[in-house]
Amino acid sequence: MTSTIENLGRESRLYPPSEAFAAQANVGADAFDDASDAVAFWERQAARLDWAEPWHTAHTWEPASVGADGELSIPRAEWFAGGRLNAAVNCVDRHVDAGNGERVAIDFIGEPGDTETITYADLQRRVAKAANALTALGIGKGDRVVVYLPVIPETIVITLAIARVGAIHSLVFGGFSAEALRFRVEDTGAKLLVTSDGQFRRGTAVPVKANADAAVAGDNAIEHVLVVRRTGDLTPGIPWQDGRDVWWHDVVDAAQDTHEPEYFDAETPLFIIYTSGTTGTPKGVVHTTGGYLTQASWSHWALFDAKESDVYWCTADLAWVTAHTYVLYGPFSNGATSVIYEGTPNTPHAGRHFEIIERYGVTTYYTAPTLIRTFMTWFPDGLGDGWDLSSIRLLGTVGEAINPEAWVWFREQLGAGSAPVVDTWWQSESGSAIVAPLPGVTTLKPGSATNAVPGVTVRVVDENGVDVPRGSGGSIVIDGTWPSMARTVWGNPERYRDSYWRAFAAQGYFLAGDGAAVDEDGYIWLLGRLDDVINVSGHRLSTIEIESALVAHPQVGEAAVVGVDDATTGQAVAAFVVPSGDAPSEQVLRDQVTREIGAIAKPGHIVVVPDLPKTRSGKIMRRLLVDLFDARPLGDTTSLQDETVPDTIRTLLSNRA
């Protein structure tokens with residue numbers, strides 16, 4: 001049996017860029033020709049940054065290869081070796097030095113409604129204070145610092161300060177359990193944990209410090225716990241260990257507001273970010289400074305057509321890689337004005353995001369397909385005239401493939417039927433967007449991330465590493481290297497080699513772990529994780545295509561599809577459907593899938609649910625749906641946006657049985 005994934009869906013709608021947008025776009029059609037020599041192209045993009053010393057070698061690559069001992073070697077890449085720079089200087093100081101200190105860097109909205117506007121000059125002073133405090137706490141080059149904070153300005157400040165002193169940051173989602181935090185503290189060997197007394201979740205002040213204490217109670221290298229006062233008197237009785245625990249306002253706010261930066265080699269590690277760990281233990285992938293910052297900065301400028309007048313909002317939690325690249329290092333390196341919002345999208349009401357867009361005049365809105373589909377269920381008749389969204393000129397999506405109907409709804413309802421939708425495909429390991437349209441160049445197809453960005457080569461291949469024919473699918477791989485690629489897995493280079501390079505070592509391909517299809521026009525369609533592909537009677541079907549067929553029905557807002565055991569067909573399609581209004585019948589939904597992509601993909605099981613289990617970053621946790629369907633224990637669910645959802649679905653399944 002072949003590993004080719006059947007590509008059953010078709011999309012013929014085309015959306016070319018408007019003449020007006022193309023005329024003012026940062027990047028034109030010549031970008032791909034300009035990147036024909038990829039190394040030279042990335043050297044030109046690196047020159048957009050400020051370097052204290054130039055690099056002597058643009059790029060070296062030692063691919064995984066079989067040695068005399070028969071073992072596969074560890075691959076090794078370097079970009080801009082010998083060059084020295086400071087990531088925080090590039091994100092803050094250089095804008096102040098250029099006379100833009102009064103430009104707004106951050107517009108912060110807290111969940112309770114508190115707000116703060118921070119200019120680049122303000123940010124420079126705050127980062128300097130935090131850098132001085134880190135030094136006083138014994139943190140220097142190469143030390144690891146774990147940050148366990150919500151989406152607040154202090155999270156950005158401490159992250160940039162860690163980079164400024166040459167330490168390595170690892171951000172952890174504030175909703176993760178003590179056990180998940182403990183693993184990251186111990187795996188990194190962190191000397192410092194930064195946390196808060198509490199955080200706001202859905203209108204409630206929730207204590208956090210006890211969770212942090214439990215995570216650092218074991219055998220680890222933690223010397224201090226730095227605590228931000230966020231919830232204050234709303235979370236009384238915060239546990240405290242004298243000598244270890246220190247308040248932010250005592251050591252950061254009291255520090256000097258100037259700091260002399262040091263400059264570090266381009267290959268100096270910048271951060272460790274952990275993969276989700278849905279299979280096996282999480283992998284701490286390591287990104288280095290020069291190559292990562294080069295591609296993060298250029299891709300933000302190119303893909304989001306970043307202008308000085310833009311007000312940019314990426315809705316990702318600051319702990320996710322999306323925010324590392326497209327809240328922190330990309331936008332700030334380009335001197336952008338960024339909105340950050342602490343709360344959930346429906347706190348205190350379902351239109352909170354639109355209210356924020358209107359209030360701050362957001363021009364670029366980058367969010368997850370899951371949230372877009374949720375908006376479709378919250379507003380089944382569209383957004384109407386409830387909010388003025390006319391400031392939006394560009395939209396973006398990230399996290400997983402977007403269904404064509406959700407793409408069109410997004411463009412029509414938030415983009416006034418004219419804003420380009422920049423659908424991006426990438427991962428923690430890639431560091432920045434790999435497949436995405438150029439908004440002033442690419443003719444868009446709803447649901448397709450289109451093509452690889454300039455300077456990167458992507459292929460869709462079968463199990464032998466051979467390009468699949470157009471009209472079919474396989475594994476999406478990256479051919480060769482790129483500046484923002486992860487260099488290793490922290491403490492386990494063999495796992496890095498085996499996870500990403502072993503499968504196609506002969507070709508030198510990086511295996512991303514996702515499936516994709518290539519249509520007749522050469523456009524790439526992401527089909528979800530290879531683990532999520534369903535094998536029905538020998539047919540390998542993409543969950544994304546079946547979900548898209550269901551969402552295309554006007555009475556379906558969201559859908560999640562998984563494969564469940566079936567004695568006859570091996571696996572059967574189980575569809576969990578969130579209706580938009582009155583729920584259609586199971587037969588109507590089966591007919592919908594048959595009509596859109598064929599009878600082979602018709603769901604064997606359909607479960608109508610009020611919501612789907614989603615992470616704070618907007619990804620549907622399909623593995624939980626499989627476990628719920630099979631009545632298995634769920635394990636850790638603390639990364640969920642709403643922890644009540646699994647219990648609701650369990651009850652519905654029980655009643656259905």
Side-chain angles (χ1 to χ4, degrees), residues 26-27 30-31 33-63 75-100 120 124 127-128 131 140-142 159-169 259-271 286-303 306 324-325 328-336 430-432 453-457 480-488:
N26 288 348
V27 178
D30 58 349
D33 289 338
D34 189 41
S36 58
D37 182 337
V39 173
F41 172 79
W42 289 119
E43 283 197 272
R44 288 190 290 277
Q45 308 322 319
R48 299 177 65 251
L49 304 175
D50 284 356
W51 296 78
E53 294 180 28
W55 55 90
H56 56 65
T57 305
H59 178 48
T60 57
W61 172 230
E62 299 172 11
R76 181 174 176 272
E78 286 189 346
W79 284 87
F80 315 121
R84 297 178 67 80
L85 76 169
N86 185 293
V89 168
N90 273 280
C91 289
V92 184
D93 301 56
R94 69 170 176 155
H95 306 309
V96 179
D97 294 343
N100 295 317
Y120 273 93
Q124 183 185 45
V127 172
K141 181 182 177 181
T159 302
L160 290 170
I162 293 164
R164 189 179 186 92
V165 302
I168 304 167
H169 60 75
H259 179 269
E260 191 65 31
E262 185 180 347
Y263 296 90
F264 306 100
D265 187 88
E267 284 297 315
T268 300
L270 179 63
F271 63 88
V286 180
H287 285 282
T288 56
T289 307
Y292 170 80
L293 192 61
T294 291
Q295 198 162 347
S297 184
W298 175 83
S299 60
H300 170 259
W301 174 81
L303 302 181
H324 283 57
T325 304
L328 284 160
Y329 291 108
F332 289 125
S333 67
N334 288 314
S430 71
S432 63
V453 301
V456 180
T457 300
T481 73
W482 61 103
S484 66
M485 62 182 274
R487 300 298 195 261
T488 190

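On a predicted model such as this, the values are computed, not experimentally measured, just so you know. Each residue takes its place number in the sequence, starting with 1.
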Please confirm whether the backbone N or O of [Y] pairs with a side-chain atom of [X], one donor and one acceptor, at under 3.5 Å?
X    : Y    : value
H259 : V165 : no
N26  : W301 : yes
R84  : Y263 : yes
N86  : R164 : yes
T325 : G431 : yes

Would you call R48 and S297 a side-chain contact if the rule is heavy atoms closer than 4.5 Å? yes

Classify the angle between the aromatic ring planes of H169 and Y329 as parallel (below 30°), tilted (30 to 60°) or perpendicular (above 60°). parallel

Just how far is it from atom [atom1] of [X] to atom [atom2] of [Y], taken to the nearest 0.5 Å?
X    : Y    : atom1 : atom2 : answer
L328 : L160 : CG    : CG    : 6.0 Å
F264 : L85  : CZ    : CG    : 9.5 Å
L293 : N90  : CG    : CG    : 5.5 Å
K141 : I168 : NZ    : CD1   : 9.5 Å
T294 : W79  : OG1   : CH2   : 9.5 Å
T60  : E78  : OG1   : CD    : 4.0 Å

Do you know the tightest heavy-atom contact between [X] and [Y]?
X    : Y    : result
W482 : S430 : NE1-O, 2.9 Å
A87  : T289 : CB-CG2, 4.2 Å
T288 : A266 : CB-O, 3.8 Å
S484 : Q295 : N-OE1, 2.9 Å

For D50, enumerate each residue passing the salt bridge (charged side-chain N to carboxylate O under 4.0 Å, His left out) test, keeping only those at least two apart in sequence or located in another chain. R94

Taking only distance into account, with no hydrogens and no angle test, what donor-acceptor pairs under 3.5 Å do side-chain atoms of residues 34-47 form with protein atoms, sequence neighbours excluded?
{"unit_1": "D34", "atom_1": "OD1", "unit_2": "R44", "atom_2": "NH2", "d": "2.9"}
{"unit_1": "S36", "atom_1": "OG", "unit_2": "D33", "atom_2": "O", "d": "3.0"}
{"unit_1": "D37", "atom_1": "OD1", "unit_2": "V39", "atom_2": "N", "d": "3.4"}
{"unit_1": "D37", "atom_1": "OD1", "unit_2": "A40", "atom_2": "N", "d": "3.2"}
{"unit_1": "W42", "atom_1": "NE1", "unit_2": "G455", "atom_2": "O", "d": "3.1"}
{"unit_1": "E43", "atom_1": "OE2", "unit_2": "W55", "atom_2": "NE1", "d": "2.7"}
{"unit_1": "R44", "atom_1": "NH2", "unit_2": "D34", "atom_2": "O", "d": "2.6"}
{"unit_1": "Q45", "atom_1": "OE1", "unit_2": "W298", "atom_2": "NE1", "d": "3.4"}
{"unit_1": "Q45", "atom_1": "NE2", "unit_2": "F41", "atom_2": "O", "d": "3.3"}

side-chain contact (heavy atoms from CB on, under 4.5 Å) partners for [X], two or more places apart:
X    : value
V96  : Y120, Q124
P63  : W61
S299 : L303, Y326, S432

Does any pair with a residue in residues 259-271 pass salt bridge (charged side-chain N to carboxylate O under 4.0 Å, His left out), and if so which ones, sequence neighbours excluded? E267-R487

Does a donor on one side chain and an acceptor on the other come within less than 3.5 Å for H59 and T481? yes

